[in-house]
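Whatever order the structure lists them in is the order used to number ligands and atoms, beginning at 1. Owing to the predicted nature of the structure, the values given are computational and were not obtained by experimental measurement.
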Amino acid sequence: MTDEINREWILDERPTGQPSMENFQLRERPIPDPEANEVLVRTRYLSVDPYMRGRMRDAHSYAEPWETGEPMRAGVVGEVVESNYEGLEAGDLVTGNLYWSEYAAVNGAILDPVDTGEVPISTALHVLGMPGFTAYVGMTEVGKVAPGDTVVISGAAGAVGSVAGQIARIAGCRVVGIAGSEEKTAWLTDELGFDAAIDYRRVDDLSAAVADACPRGVDLYFENVGGEVSDAVLDHLNPFSRVAVCGKISLYNLEPDDERMTGPRRLYQRTRTRVEGFINSDYDHLSEQATGRLRRWIEEGELRYEETVTEGIENAPDAFLGLFEGENIGKQLVELE
Ligand SMILES: NC(=O)c1ccc[n+]([C@@H]2O[C@H](COP(=O)([O-])OP(=O)(O)OC[C@H]3O[C@@H](n4cnc5c(N)ncnc54)[C@H](OP(=O)(O)O)[C@@H]3O)[C@@H](O)[C@H]2O)c1
């Protein structure tokens with residue numbers, strides 16, 4: 001297949017502050033030939049995720065930074081086109097950590113079969129994939145969600161937040177979501193069964209809005225955004241409450257010395273709150289349990305999901321940049337023909 005073209009996005013230069021199109025370059029290369037034990041995968045869906053902003057920074061966190069001049073990585077659902085790996089054959093649907101590219105030749109051992117049953121294959125990149133798993137372990141293992149809790153979720157209409165809130169609802173909690181548009185808050189209450197939702201871009205006093213929505217205070221805060229949204233929720237934590245720190249997207253485009261990079265300034269000793277950050281991969285041993293439960297809830301109609309789908313590899317950076325503008329409801333995906 002060496003005469004055909006594979007388009008792939010490379011990290012051209014590292015962003016400072018808000019990333020822009022200048023940071024990416026679309027490169028054309030021949031479609032690779034799979035070597036021994038390799039599989040050629042054609043991308044059907046690729047996932048753009050907030051954590052990618054961290055990989056663009058030249059700093060080690062829990063993962064190595066991406067190199068400039070190299071293709072950027074992404075969770076992908078794709079189809080095997082050619083296989084030199086025993087156990088996979090042309091036509092198989094697979095998922096794995098591949099690239100922002102149309103094709104990839106990779107060792108078959110890093111791929112998993114896509115096993116989404118009756119639901120679309122794209123769900124392997126959200127509700128039945130990494131974001132759904134993150135919501136599950138964040139709520140159950142880190143947040144220790146319990147019936148009767150009042151649970152607040154920020155970034156509530158996103159891939160992780162929307163699943164996290166529904167898990168809390170299924171667990172028998174009062175669930176309050178915070179999100180950035182009227183369309184999103186309506187979706188949370190009308191479709192997903194949240195008890196209340198707050199549009200943080202519209203309210204004048206977010207702390208007062210949280211107080212209104214949580215008359216018995218907050219037992220568990222599932223933190224996705226950080227910054228001022230976080231401040232407003234921390235004001236209302238109950239004694240012995242928990243904060244599951246999943247992410248802080250509002251801070252991802254700030255440099256470490258930015259004065260807005262302040263700590264959790266409204267955590268009071270009197271509440272004896274347990275604040276715990278987590279990374280989903282620390283809980284990989286729970287993957288089967290989580291996927292089994294999430295799938296069952298979908299089948300029973302208890303768990304709903306939404307996708308925002310951008311078409312074409314050429315639009316992948318736009319889809320990624322849109323995450324920081326709140327352009328997605330549910331999971332932001334890129335679909336390739
Ligand atoms: N710990 C882990 O293992 C793990 C794994 C996956 C994801 N995460 C984290 O989980 C969070 C959600 O990830 P996701 O994949 O589900 O993304 P997502 O929520 O689907 O998309 C990002 C959303 O963040 C909101 N946002 C963007 N900038 C914001 C700002 N300045 N202030 C407030 N909200 C802002 C936007 O919604 P609005 O319209 O509501 O503003 C946007 O739609 C991120 O912080 C991510 O890093 C953590």
Colleague: Is it true that a side-chain atom of N84 and a backbone atom of P34 form a donor plus acceptor pair closer than 3.5 Å?
Modeller: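 Checked: pair present.
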
Colleague: Is R44 paired with E335 through a side-chain N to carboxylate O contact shorter than 4.0 Å?
Modeller: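 No, E335 and R44 are not salt-bridged.
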
Colleague: Decide salt bridge (charged side-chain N to carboxylate O under 4.0 Å, His left out) for D258 and R260; before the verdict, give the C-alpha distance in whole Å, the side-chain angles of both, and the deciding distance to 0.1 Å.
Modeller: CA-CA 5 Å; D258 190 295; R260 287 166 292 176; 2.9 Å; yes

Colleague: Salt bridge between R42 and E102, side-chain N to carboxylate O under 4.0 Å?
Modeller: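 Result for this pair is no, no salt bridge flagged.
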
Colleague: Can you pull the residues with any heavy atom under 4.0 Å from ligand 1?
Modeller: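 Under the 4.0 Å cut-off, ligand 1 touches P50, M130, T134, G158, A159, V160, A179, G180, K184, Y200, R201, N224, V225, C246, G247, K248, I249, S250, Y252, F278, I279, N280, L323, F324, G326, N328, G330.
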
Colleague: Answer yes when E28 and R7 have at least one side-chain N-carboxylate O distance shorter than 4.0 Å, and no when they do not.
Modeller: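 A salt bridge is absent here (no side-chain N lies under 4.0 Å from a carboxylate O).
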
Colleague: Would you call the rings of W297 and Y136 parallel, tilted or perpendicular if under 30° counts as parallel and over 60° as perpendicular?
Modeller: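 The rings of W297 and Y136 sit tilted, inter-plane angle from 30° to 60°.
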
